[in-house]
**Student:** 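Just passing along the structure, written as structure tokens.
Every heavy atom of this structure was used, including side-chain atoms; hydrogens, water molecules and symmetry mates were not. All values reported here derive from a predicted model rather than from experimental measurement.
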Amino acid sequence: ANNDIVTLGAAITNGLIDLGAGTDTLNLAAFAHTVTVSNVETITGTGNSNNVTLATQWTAGSINLGGNYDRLRLGDFANSISTQNIEQVI
């Protein structure tokens with residue numbers, strides 16, 4: 001159960017990221033991303049448009065996707081989430 005900090009250095013399209021157990025952070029680099037995430041507690045984006053899908057339940061943590069038009073898709077779970085700079089939540 002590690003506490004991971006992952007920063008994407010290139011655009012991800014149709015990507016799947018699972019950071020496993022621990023308190024994990026995913027930083028989306030300055031590209032447009034389309035990614036499905038699991039077991040991440042903090043997601044931070046930059047000024048590009050991002051499409052993020054949560055594949056697992058979100059019970060603590062935060063998501064801030066930065067500027068431009070961002071979309072967040074929640075999984076079919078009872079989620080408790082703090083968000084910023086997200087223009088569409090599905």
**Student:** Please round to the nearest 0.5 Å and tell me the distance separating atom CG of N48 and atom CZ of F31.
**Tutor:**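 Rounded to the nearest 0.5 Å, the CG-CZ separation comes out at 8.0 Å.
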**Student:** Please check if the side chain of T13 supplies one atom and the backbone of T34 the other of a donor-acceptor pair under 3.5 Å.
**Tutor:**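 Not a single qualifying donor-acceptor pair exists.
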**Student:** Would you mind writing out the side-chain donor-acceptor pairs for residues 83-90 within the sub-3.5 Å range, not counting sequence neighbours?
**Tutor:**
{"from": "Q84", "atom 1": "OE1", "to": "N64", "atom 2": "ND2", "distance (Å)": "3.3"}
{"from": "N85", "atom 1": "ND2", "to": "N64", "atom 2": "OD1", "distance (Å)": "2.8"}
{"from": "E87", "atom 1": "OE1", "to": "D70", "atom 2": "N", "distance (Å)": "2.7"}
{"from": "Q88", "atom 1": "OE1", "to": "Y69", "atom 2": "OH", "distance (Å)": "2.9"}
{"from": "Q88", "atom 1": "OE1", "to": "R71", "atom 2": "NE", "distance (Å)": "2.7"}
{"from": "Q88", "atom 1": "OE1", "to": "R71", "atom 2": "NH2", "distance (Å)": "3.2"}

**Student:** Applying side-chain contact (heavy atoms from CB on, under 4.5 Å) to L26 and L8, what does each step give before you reach the verdict?
**Tutor:** CA-CA 8 Å; L26 175 63; L8 300 179; 4.1 Å; yes
**Student:** Measuring only between side-chain heavy atoms, which start at C-beta, is V52 closer than 4.5 Å to L28?
**Tutor:**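 Result yes, sub-4.5 Å side-chain heavy-atom pair found.
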**Student:** Roughly how far, to the nearest 0.5 Å, is the CG atom of D24 from the CD1 atom of I5?
**Tutor:**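 The distance works out to 9.0 Å.
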**Student:** Mind checking the CD1-CG spacing from I17 to N39? Nearest 0.5 Å is all I need.
**Tutor:**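 One gets 12.0 Å once the value is rounded to the nearest 0.5 Å.
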**Student:** Looking at A11, is its backbone amide N or carbonyl O close enough to the side chain of H33 to form a donor-acceptor pair, meaning the two atoms are under 3.5 Å apart?
**Tutor:**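 Between the backbone of A11 and the side chain of H33 there is no qualifying donor-acceptor contact (under 3.5 Å).
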**Student:** Nearest 0.5 Å please: distance from the CD atom of Q57 over to the CG atom of D76.
**Tutor:**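 The distance works out to 10.5 Å.
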**Student:** Are V40 and D4 packed together at the side-chain level, in the sense that at least one heavy-atom pair is separated by less than 4.5 angstrom?
**Tutor:**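 Side chain of V40 against side chain of D4, heavy atoms only: no contact under 4.5 Å found.
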**Student:** Looking at every non-hydrogen atom in both residues, tell me the closest pair between T46 and A29 and how far apart they are.
**Tutor:**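 Nearest pair, atom of T46 first, then A29: OG1-O, 3.3 Å.
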**Student:** I'd like to know if the side chain of N79 reaches the main chain of W58, judged simply by a donor and an acceptor atom lying under 3.5 Å from each other, with no hydrogens or angles considered.
**Tutor:**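 Pair found, side chain donor or acceptor close to backbone of W58.
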**Student:** Keeping the roles fixed (side chain from D18, backbone from G20), state whether a donor-acceptor pair exists under 3.5 Å.
**Tutor:**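 Yes; at least one donor-acceptor contact below 3.5 Å.
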**Student:** Measuring only between side-chain heavy atoms, which start at C-beta, is L54 closer than 4.5 Å to V37?
**Tutor:**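 L54 reaches V37 side chain to side chain.
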**Student:** Taking C-beta and beyond as the side chain, do I63 and I81 meet within less than 4.5 Å on heavy atoms?
**Tutor:**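 Yes, at least one pair of side-chain atoms sits under 4.5 Å.
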**Student:** Are side-chain heavy atoms of T36 and N14 found at a separation under 4.5 Å?
**Tutor:**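 They are not in side-chain contact.
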